[in-house]
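Here's the structure, in structure tokens; my notes come after.
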Amino acid sequence: MQLSEQEVVRREALAKMRDLGIDPYPAERFEVNAYATEIKENFDAEKGNYQEVSLAGRIMMKRIMGKASFAELQDSSGRIQIYVNRDEICEGEDKTLYNQVFKKLSDIGDFIGIKGFVFLTRTGEISVHVKEFRFLSKSLRPLPIVRRVENAETGEVEIFDAFTDPELRYRQRYVDLVVNPEVRQIFMKRSKVINSMRSYFDEQGWMEVETPILQPIHGGAAARPFETHHNTLDMPLYLRIANELYLKRLIVGGFDGVYEFGKMFRNEGMDRTHNPEFTSMEIYVAYKDYDWMMGMVEECIERVCIAVTGGTDVTVGENAISFKGPYRRLSMFDSIKEYTGIDVSEMDEDGLRQVCKDLHIETDNSMGKGKLIDEIFGEKVEDHLIQPTYITDYPIEMTPLAKKHRSKEGLVERFELFVNGKEIANAYSELNDPIDQRERFEDQLKLAERGDDEAMALDEDFLRALEYGMPPTSGLGIGIDRLTMMLTNQQSIQEVLFFPQMKAENKG
RNA sequence: GAUCUCGUAGCUCAGCUGGCAGAGCAUCUGACUUUUAAUCAGAGGGUCCUGGGUUCAAAUCCCAGCGAGAUCACCA
């Protein structure tokens, strides 16, 4: 391995520390009793609090001035300045700890532990006066140095030498997280999205479950799966593209409400909004319908939004969005009428094909009636749905797992929630009529024969479960990554995944 | 999958119609006991993504490949 000059210097420092009898990777624990941000928020010079603090973290900047120095320590909460005085950390004649270990051998990125008291410097900065200094872990690679300086006149934070190269940031997310605090914030928010949603469900008495990721039949959605092979069973298995059919089996089994947060895997293209593995949340609640589900989603999303952002108003790109319920409800046909002026509700396949032609929407022969309607919707309506909007009552052809509409012929009881022109939730009154379900699967097979490669596979065991009887149930799926993107105002899915999928790096 | 843009020091980037490889920060040596992008004096550091071609001469022009981003197509 070819080492850079700075890496060589750090390895030499490591060796020198060992020569001085200092373990660069000590095993003993270091007890921490305070955090940088907490101190900066609560220190009061008059009260004289924080007089015996113990902090640990990385050195992120050093300002050496002879016999005294300042440095910045970064812990999990943020950064705080520390003041190190030679004669205070080295009481006797031996000044090695200061002159060698602190000044020369410790580098930016190294972990240290300090004990001391909090004070205000002459310029008024809250700092920790170090009385005791312990080396905790050596860093052998130089971190990018990002400097944030508050402009005294404008109050704006200027960033110098930002670490922004997306390739480096994603491949070395650990570095990104160390030097870019706003990145850390996004992931803390992501965690809050999941936790607040989970606690809401738990409060309602619904149960978190886990279902198979390795599935013999990839059901529940229309997508290309990743295929693998089990050696002992000598059979093909697929990484799940959805967990819907398993969760419904659990409703058949007698649970009233089950939900799962989990990774799904789709062997398809990647771009700003698609990663081969992504996180979805699916929930099924017995004795409910999609109408009830809309109310539940409003309550849930509003609560998640407050937990994550502190309020119900969010800025996404150019748009100010309010997640305060209730959300607008609009049937798919009405939405198309609203944005194109065309009533497609009574049209047959040829009529729809003509409408697509008139609107300059490309079609092909594999497209059935439902698909054509969806194309029109996708082209002409979706982008306009900025504020949270439920689109309801989808054509039956596209939705083989949803119950037929109670009053509207040819439609199913389904809604999708759109925000900022993007779909973030999908829900049905679940189809529980096993005979209807078998016919729908068979219709899917016919679509597949016509060349629709997104058509769904038939799952005999799932049909068997339905034949034993499933209560009326409403189900919902939410794309957690996309919801997080929205609540953190990120334009790329890679910004809300710790480790987005990347091609192989071809040099070490 | 298609098109466009990008790849130079640890990081951020400059490098013009081809002519000795550059800056700031970081690093190293020295000075400095409350600094604030600390300062001051000095020094070192390069597979210019990879491979080929054109040329007296290529970081620069051409071709191919690898990687990344953006836009479009498909999907959530």
Side-chain angles (χ1 to χ4, degrees), chain A residues 2-10 12-13 60-72 79 81-88 98 103-104 107-109 119-125 127 129 139-152 157-172 175-176 179-180 220-224 241-242 264-282 362 364 374-375 378 416 422-426 453-454 477-483 485 491-494 500 502-507:
Chain A
Q2 188 68 35
L3 294 180
S4 71
E5 180 198 20
Q6 294 189 53
E7 287 173 299
V8 170
V9 166
R10 284 174 183 233
E12 285 167 0
M60 293 305 284
M61 186 166 290
K62 283 167 83 184
R63 293 186 277 272
I64 304 237
M65 299 176 309
K67 297 182 189 65
S69 304
F70 289 91
E72 280 175 29
R79 289 191 190 187
Q81 177 169 268
I82 65 173
Y83 172 73
V84 184
N85 182 301
R86 186 192 69 184
D87 296 330
E88 291 187 58
Y98 180 79
K103 260 171 74 172
K104 302 267 161 134
D107 291 297
I108 288 172
F119 75 112
L120 279 181
T121 63
R122 275 180 205 159
T123 51
E125 176 144 350
S127 308
H129 191 122
S139 161
L140 294 180
R141 288 177 185 258
L143 285 168
I145 310 291
V146 180
R147 287 196 149 90
R148 286 174 174 69
V149 183
E150 199 173 327
N151 187 309
V157 176
E158 294 178 54
I159 298 181
F160 298 82
D161 300 323
F163 181 66
T164 52
D165 181 341
E167 181 167 2
L168 284 174
R169 286 184 49 233
Y170 302 150
R171 288 195 196 279
Q172 301 185 42
V175 173
D176 193 28
V179 304
N180 289 327
R224 239 165 73 202
I241 56 174
M264 305 298 151
F265 307 85
R266 298 191 184 175
N267 204 344
E268 291 170 345
M270 294 164 57
D271 61 24
R272 215 170 68 254
T273 56
H274 296 85
N275 195 66
E277 57 183 283
F278 63 99
T279 301
S280 91
M281 190 295 303
E282 293 217 5
E362 279 185 36
D364 65 65
D374 191 56
E375 288 291 316
E416 292 190 307
K422 312 240 159 58
E423 181 218 321
I424 61 167
N426 181 20
D453 53 8
E454 293 170 15
I478 292 180
I480 295 295
D481 311 288
R482 291 187 179 177
L483 178 60
M485 284 168 69
Q491 315 304 313
S492 165
I493 197 169
Q494 297 168 106
M502 302 285 273
K503 284 200 189 179
E505 213 176 348
N506 60 359
K507 51 178 182 176

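Values in this document were obtained by computation on a predicted structure and should not be read as measured data. A note on names: the letters A, B, ... follow the listed sequences, proteins ahead of strands, and every chain is numbered from 1.
- Taking the C1' atoms as reference points, B/rG52 lies 37 Å from B/rC25, given to the whole Å.
- The CD1 atom of A/I64 sits 14 Å away from the P atom of B/rU39 (whole-angstrom rounding).
- Looking at A/K62, its side chain does come within 3.5 Å of a backbone N or O of A/K103 through a donor-acceptor pair.
- Base contact: A/F119 has a heavy atom under 4.0 Å from a base atom.
- For B/rA38, one of the phosphate oxygens OP1 or OP2 lies less than 4.0 angstrom from a side-chain nitrogen or oxygen of A/R63.
- Between the base of B/rC13 and the side chain of A/D161 there is no donor-acceptor pair shorter than 3.5 Å.
- For the P atoms, the distance from B/rG22 to B/rG45 is 12 Å, rounded to whole Å.
- In this structure, A/F70 atom CZ and B/rA37 atom P are separated by 13 Å, rounded to whole Å.
- A donor-acceptor contact under 3.5 angstrom links the side-chain atoms of A/T121 to the base of B/rU35.
- Residue A/K103 places none of its side-chain N or O atoms closer than 4.0 Å to OP1 or OP2 of B/rC28.
- Both distances falling under 3.5 Å, in either a Watson-Crick or a G-U wobble arrangement, place B/rA31 opposite B/rU39.
- Atom name P, nucleotides B/rC16 and B/rU8: the rounded distance is 15 Å, in whole Å.
- When rounded to the nearest whole Å, the span between CD of A/E125 and P of B/rA38 equals 10 Å.
- Counting to the nearest Å, the P atom of B/rU27 and the CG atom of A/L140 are 15 Å from each other.
- The base-pairing partner of B/rA23, taking Watson-Crick or G-U wobble contacts with both distances under 3.5 Å, is B/rU12.
- Of the listed nucleotides (B/rU27, B/rA37, B/rA68), B/rA68 has the atom at the smallest distance from the side chain of A/P166.
- Contact annotation: A/R147 side-chain N/O to B/rA26 OP1/OP2 distance is under 4.0 Å.
- When both distances must be under 3.5 Å, the Watson-Crick or G-U wobble mate of B/rC4 is B/rG69.
- Residue A/K67 contributes atom NZ, which lies 9 Å from atom P of B/rA31 at whole-angstrom precision.
- Contact between the side-chain N/O atoms of A/Q6 and the OP1/OP2 oxygens of B/rC11 is not found at any separation under 4.0 Å.
- One can place CD1 of A/I145 at 11 Å from P of B/rC11, the figure rounded to the nearest angstrom.
- A straight line from CG of A/D165 to P of B/rG10 spans 14 Å, rounded to a whole angstrom.
- With both ends at atom C1', the span from B/rC32 to B/rU39 equals 9 Å, rounded to whole Å.
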Pairs under 3.5 angstrom, nitrogen or oxygen only, protein versus nucleotides 2-5 of chain B, please.
none

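- With RNA chain B read from its 5' end, the first of the two nearest nucleotides for A/K503 and A/E375 is the one closest to A/K503.
- In this model, the phosphate group of B/rU71 is approached by a side-chain N or O of A/R272 to a distance below 4.0 Å at OP1 or OP2.
- When the C1' atom is compared between B/rC61 and B/rG24, the two are found 30 Å apart, to the nearest whole Å.
- For A/V9 and A/G124, each mapped to the nucleotide of RNA chain B holding its nearest heavy atom, the one lying further toward the 5' end belongs to A/V9.
- Just one of A/R266, A/M264, A/M270 meets the side-chain contact (heavy atoms from CB on, under 4.5 Å) condition when paired with A/P276; it is A/M270.
- The partner of B/rC61, taking Watson-Crick or G-U wobble pairs whose two distances both stay under 3.5 Å, is B/rG53.
- B/rA43 and B/rA26 are spaced 15 Å apart, taking the C1' atom of each and rounding to whole Å.
- Look at the P atom in both B/rA9 and B/rA59: the space between them is 14 Å, to the nearest Å.
- Atom C1' of B/rU60 sits at a distance of 33 Å from the matching atom of B/rA37, rounded to the whole Å.
- In this view, A/T121 and A/F70, A/Q81, A/F119, A/T123, A/E125, A/S127 satisfy the side chain to side chain contact (heavy atoms under 4.5 Å, CB included) rule, not counting sequence neighbours.
- Across all strands shown, B/rG46 has no partner, as no Watson-Crick or G-U wobble contact with both distances under 3.5 Å is found.
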